[in-house]
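Note that ligands are numbered from 1 as they come in the structure, with each ligand's atoms numbered from 1 the same way. Nothing here was measured: the structure is a model prediction, and the numbers come from that model.
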Amino acid sequence: MSPRAAVAAPAGAATPRPRVRVGRPDPARVERVLRELARQIDGMELPAIEKISESQQTDPFQVLIATLLSARTQDATTLAASTRLFAKARTPKAIAKLSLKDIETLIYPVSFYRNKARHVKAAAGRLLEVYGGRVPFTVDELVTLPGVGRKTATLTLIVAFGSREHVCVDTHVHRIANRLGWVKAATPDETEQALYAATDARWWKYLNLYLVTWGQNCCRPVYPRCDDCAVVADCPRLGVTKVGHSRKGDS
Ligand code: SF4
């Protein structure tokens, strides 16, 4: 397939799709999109982890645990479960003392709550045994904690430690970066590596916040609202075949 493949606009999308060089995006186009998203998300509801970070003074342990709980779970459910858990126990020592049953009850109904309860308790135990109760600040160390994958590790580093060296790629970032033609990647891990080459480093710590917020509000997994999208002129909408109902004109 030609890297400059031009495609027709899907039904319902009024703006013609721009031509893009997939995986080697025009830096000016990336810059325009990110600047516009920064404007657009101002005032939108923050993702759960950002809210937890704000309310807990960016406590690394609580950011880590909330991120672990957030996998495949609605933001509102993650926020409520984290709030209940941290009201009862907010340090590795306190959480390690809770019974599995207590943790399950506190975090229910997050998805896979039984597995996550085991991971939360085991991660707290390992932090106490190996790291003196402190959250380590490298990806390599973080992924040794039970239940912690690359996404949880990078988000913890960005949100809790202010890292500017990492991009956190979840399903929203993976999907939207591919639709925008910034990357052509099959998995979130591939997308993360491709984004280091495709975007300027000063945007890395913001990519997750911008694209997750945009993914929850506009560029949804199915039926993205391309007709309402502020960056449609810079988006080739790769892989998008059906768009959602426009809210323009709705009162
Ligand atoms: S909503 Fe449509 S136009 Fe906007 S970023 Fe997503 S795919 Fe591109």
Under 2.8 Å from atom 6 (Fe) of ligand 1, which protein N, O or S atoms do you find? Ignore water molecules. Cys219 SG
For residues 100-107, dump all side-chain donor-acceptor pairs below 3.5 Å to protein atoms at least two apart in sequence or in another chain.
| from | atom 1 | to | atom 2 | distance (Å) |
| --- | --- | --- | --- | --- |
| Asp102 | OD2 | Ser99 | OG | 3.2 |
| Thr105 | OG1 | Lys101 | O | 2.9 |

Measure the OG1-CD1 distance between Thr91 and Ile65 for me, rounded to the nearest 0.5 Å. 10.5 Å
I'd like to know if Glu31 and Arg202 make a salt bridge, using a cut-off of under 4.0 Å between side-chain N and carboxylate O. yes
For a side-chain contact (heavy atoms from CB on, under 4.5 Å) check, start with the C-alpha distance between Phe61 and Leu127, then their side-chain angles and the critical distance, and finish with the verdict. CA-CA 9 Å; Phe61 178 66; Leu127 287 176; 3.6 Å; yes
Determine whether Arg32 and Glu36 satisfy the following criterion, salt bridge (Lys or Arg N to Asp or Glu O under 4.0 Å), listing intermediate values before the conclusion. CA-CA 6 Å; Arg32 270 199 306 276; Glu36 185 58 34; over 6 Å; no
side-chain contact (heavy atoms from CB on, under 4.5 Å) between Tyr131 and Arg126: does it pass, once the steps are laid out? CA-CA 7 Å; Tyr131 297 104; Arg126 183 168 167 83; 4.2 Å; yes
